Structure formats: structure tokens, C-alpha cells
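Each chain gets a letter, A, B and so on, in the order its sequence line appears, and its residues count up from 1. As the structure is a prediction and not an experimental result, all values here were calculated from the model.
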Amino acid sequence: MKDAMEQVASRDAGSAAEFDIRQYVRLDQMPHFLCPGCGHGIALRALLWAIHDLGLDKDKLAVVSGIGCSGRLSAYVDANSFHTTHGRPLAFATGLALARPDLHVIVITGDGDSLAIGGNHLIHACRRNLNMTCMMLNNEVYGMTGGQVSPTTSAGRLTTTTPAGNSEPVFDACALAAGAGATFVGREVTMQIVALRNLLRDAITHDGFSFVEVMSDCTEIFGRKNDLGSSPEMILSQKSAMRPFAYRNTVDEPFRPNTMPTGVLARHERAEYGAAYREMCARRQDKGAK
Amino acid sequence: MNAPANIETRQLLNGNHAVAWGVRLAKPDVTPVYPITPQTPILEKLIEFQSEGKFAAELLTPESEHSAMAACIAASATGARVFTATSSQGLLLMHELLHFAAGARAPIVMFNVNRTPASPWGFWPDQIDSLSQRDTGWVQLYSESPQDSLDTVIQAFRIAEGSMLPVMINHDAFYVSHSVEPVSVPAPGLIDEFLPRVERPMQLDTGAGQSLGAPIGQASWNRTRREMAAAMETVPGLTEAAASGWRAMTGRGGGVLEAYRMTGAEVVVLTMGSMAGTARDAVDRLRDEGIAAGLLKLRLFRPFPADELRAALAGVPCTIVLDRNYSPGMGGVLHQEAKAALYGTVGAPRMHGLLAGVGGVNVDVATIARLVRDYRNADPSPDAVWVE
């Protein structure tokens, strides 16, 4: 038991000592444009930490993003990066992954980007199961344009376009991804950066399309508008709302009554589309040669 | 002539908030809008008005601009008065439905904030987003200032509902959209009178059981475009009528073309949008130097007012077109259009097409004055020239 605990501890500690984020970001792009207290920086750190742990070659890494606060993150990663149009990073990434199966394609997107204007691309990426990882930063709001309602804005929350409180129902992004056929689905909060790093490591090594929702916090715009306190308060309240999926049906339930499951929420094997497609092409070529 | 003070109030407004005030006074029934920089303040101001109980339109915030325009078309087809606003990428995403709206003869009024399209990303004033939509069947108007935007958005409903064509009004990102100036806001009663509700000939009506957009044969499709052409022909007249009604009420504003110091002008600057304001000062400076300069500000770009332009430039020896847009492989769009309108006419002026301000580069009074001095006696060139 003790050995197992130590193993877990050492895994969670990872290679923190060796991980130096400065090796993975474009220092000439600093200072970054994120607001003080924004959770996006923590998510980016967790992603880069996972990339470091996996020993990925930066020249084989392609980071694709869309529009919104999340969209700017691709420019900060010292890798091949592509800042695409609003809602379309998964569509761009599909072309990239098909043309260059040797690349690790990582898409950084937001709730507005991937669930509103780009919702169509998300469900088809889940269905198709091309080898790529989609990290969606959910901060419940369109932050870049100044705080309008998004498809994940909680009921009753104030935004500049819902001055009386949001009355539209929200998307559960992970349920949507799983329902659309994603073969790896997970969710984590930024407070749990080690768990988030581990989740992203698993997502990146997964063969097929992996979807990770990160509960981020928009302190300056959404938090201020809704009187949610400072960044640590927002992050702590996310943590208290989470319920690790692995704790399902355990005695812990009374102490974790809330409804935001975290961790790996769905994982199964299905043919990776790129490999299946190339195999089909090869079969047809063989047939033609005969 | 200035309007009596009791029918207008003066407010300090930026261009986008001036648009929102115009829309509030025009009282649309449905307003689907998707946020995008630098348009968003129009949407936010309308929502603020709505939450104060001052604006009764149904405000939708759909999942994209494409969905916003789809909602506009359907709402308009029921007979509702419809407004939307967008910018750059949003307008480009709507492209498919811009054709659809015009073909459906939906008199939607849309405000577009001119901004550079990606890639690369930029947020700068440049008119290529809307000019590249010139063949979609939308009427296009260009505004110079916050006051112009408020005035034009109200007049646009008259033009749209008079021609049954959708109307797009444009102003430059930031130079107009976010610049603050004192703006006269008419009293609501005035606008109700200026903009009466009109009976619409074609509506989605469950009683009538009509169908909209069904496939038709070649000859019928051809007829729809002939009908649109006939409607387009009415637009300059409708624009002039709306403008003269507006002038009678407020003492402000030009029609299809706005002429400034054109009497005896030997060199005329032709431009549109915020650059017209800068050019007006440049013309004053040149006149002080003894150069007989004048300005033509084009307000109505589609339909292109060829007759009005020919008349305004009759006898003028030299015209300098300033374009804040670039159509790769051809040059400035206003230059192309003006050349085409004047080609073959007797006594057409020498014309220079200058690409000034592409990508939002600032073009100040001194620059315009220098360009006029440099080009007024230069040999004419059919091609556009990049200038600093």
C-alpha cells in the first residue's frame, strides 16, 4: 500500500523539478495579454508540462487555436502554431492531421469558439476520431469581446448581453463530446494542476480524438460582473463544485454533493480515422496494381 | 439651417453608440446580433436600452453571424422590421446569406463596422470587408462620423422598405466606431413620423400559405434578378428623398453624393467613409493655398451612382480617388467603380487611383493635401498607385 502511495506521489510530482516553462514559451511574446487571475495561463502551463513529461519534440508539435482569449495561447507556445478563425481550429486541425500524421496536433479552444460558432466542427471531430487533442478552456463567457453570454454561461449569470441574468440552458461539453463519439473525454479544474497535467498526458497519448475541458476562470470580466470574488475565490469555488468521476457511488458522496464530474469521463477504443483511411487507400492501390 | 433645440438633444456619443441610438429610434421588431470587435458596443448599448425598457425589439444572440443573418431573413419575411450589426469576419461568414437575403427581398438594415479581414489578424479600419460583398444585392452606404451614422441608419430603413432590398451601412473601425463626438439625437416622435410602418407585399403568412426560396426554373430566376435590377434603380431616388426629408427635419446631411467646395474646382478628391472628413480639411487648406480643390464624398456605393457622379464631375479636369481598401490584382474598389462609371463619357476627368490608408494606416490632412499637390498635374494612369 505504501509503495503504491509513493508511486502515485512520484507520478504526481512528475518531472516538476526539470520542467522549465521558459523552454516551451516564446519569451519574445511576453508579457502575455491575459488578465491578472485568468485561469488560461494555468491551463497552458499544465499543457506544456504534459508535453515536457512526454518528451515530445517541439518540431513535431502543432498547436492550433481559434478566436477568443484561448485563441491567443497558440502564439505563446514555442512550436508550430496556427491562429485560425473563430470556431474553426478543429476544421483546420483536421486538414493538418490528415496531411501530417507524424505531427502531434493540439487544439486550444474556448467555450464560445468550440460550442457556439464552431459547435458543428466539434461534434464531427468527435465522430471522426482523428488523432489530435482538443483542450477547451471553459470560462463561461466571451471574454475577448468584453463579456457576452456563451453556451456555457450558468443560469442566472450576468453578462453584458444578459443584464437580467442568463435564461438559456447550457451545454455540458463533455456529455456532448462523449455523445458525439469522442473516444477520450475528460474534465479538470485549474486548481488541480497536477491532475490536469496527468489528464492532458493521457489525452495526448490516446490514439484518436481526445477532448479535455478545463474549467477556467474569467476573474476580470465574468467574476467582477457576477461578484464572484478574486481569482483564488473563483478557483476554490470551482474545486468545491468538482466531483472526481472515480468517486462515483462511494461514501464520499455526502461530502461531494455537487455535480461537476472531473477526471477521465469516457475512454474507449475505436479505429483512429487517419490510420483507417490510409489503410483503405493502400488497399485500393494494391487492388489497382493487380 | 439648424433644427430647433427642442426636437433634438445633444449627447456625447461614440460612433457605435450613435448607431444604437439611431436603431432605438427606428424601433425594429427583431434584432439578432453576434458579438465581434469592434461592433460589440452597438449590441451592448441596444441591450442596455432594452433592459431599461427603452427598446422593445426581440434581441437574439445566436451562435454565429451566419445564424444571426438566417434569423434576420426569416423574421423579415414575416413582416417584422429587422436590424443587425456585424464587422469583418462576421460579415464574411454571412456571405452566403447576404445573397439569400437580397434574393428573398428582405428589407433588413445591417450596420457593418469596417475592419481588416484575416489573415493575418488585425482590427484596423479598412473597407474591403464590405466592398467585397458588393455583388450580393445589398444596398451599401458609407458613413463619415458618429452623427452621420445615426442619421444614415434611420434613413436606411426608408430606403430598405421603399425598395424591398437589404441595406448595409458602414463606418470605419475605431476612427468612427470608437471616436466620441457631440451627436444630435432626434426626439422619438420625429422618427415615428419619418419612418412610418409600410405594408409589405411579400410576407410569410400561414393564411396565404406562401413558400419562400423554393427552386424555380431558369426564366423565373432570371426574372428575380431583373426585378432586383428594377428595385436597385429606385434606390438613388429613395436615398435622395430620405436625405432631403432628413435635412428638412434636422438641417443635416447629404444624399447620394455630398459635394464640398465644388464650385470652380479643378481637382476633386473622391472618397468615402471617415477619410472624407479628413479630406474636407485638406480641401480647405488647399483652397487657402490657392489650389481650386473640391471634395465629393460618396455616401451611396451600391447601387453605384454613376449618373450623379458624371454630373458632379462634368467639367472637372482632374479627380483623385482615395481608397482605404485594396482588391488584390486590381487596385482600389472605388477607383475601379468610378473609372467604369466615367469611361467613354465626353469630357471625363483625368483620374488617379491612390491606395491610401489600406490596413488602417492613418492618412492625415497634410498627407491628403500633399497627394493632391503631387497628382493634380500628373499624367493620368489607369492603374492604382500605392502611396504613403
- Salt-bridge present (B:Arg115, B:Asp129; N to O < 4.0 Å): no

- Worked check of side-chain hydrogen bond (donor to acceptor under 3.5 Å, both in side chains) between A:Ser81 and A:Ser74: CA-CA 6 Å; A:Ser81 68; A:Ser74 65; 4.7 Å; no

- Task: Give a yes or no on whether a salt bridge exists between A:Lys58 and A:Asp78, defined as a side-chain N under 4.0 angstrom from a carboxylate O.
- Result: yes

- Side chain, backbone, both or neither: which part of B:Thr40 has a non-hydrogen atom closer than 4.5 Å to chain A? side chain

- Is a salt bridge present between B:Lys27 and B:Asp192, judged by a nitrogen-to-oxygen distance below 4.0 Å? yes

- Note on the structure: Given B:Glu65, B:Gln89, B:Glu63, the one with more heavy-atom pairs under 4.5 angstrom with chain A than any other is B:Glu63

- Does any heavy atom of chain A fall under 4.5 Å from the side chain of B:Ile36, the backbone, both, or neither of them? backbone

- Highest number of heavy-atom pairs under 4.5 Å with chain B among A:His86, A:His83, A:Glu168 belongs to A:His83

- Give a yes or no on whether a salt bridge exists between A:Asp28 and A:Arg26, defined as a side-chain N under 4.0 angstrom from a carboxylate O. no

- Whatever's closer than 4.5 Å to a heavy atom in chain B on A:Thr85 counts as both

- Query: What residue, out of A:Thr162, A:Ile67, A:Val149, has the most heavy-atom pairs lying under 4.5 Å from chain B?
  - Reply: A:Ile67

- Message: Closer than 4.0 angstrom, basic N to acidic O: yes or no for A:Arg187 and A:Asp172?
- Response: yes

- In terms of heavy-atom proximity below 4.5 Å to chain B, should A:Leu115 be classed as side chain, backbone, both, or neither? neither

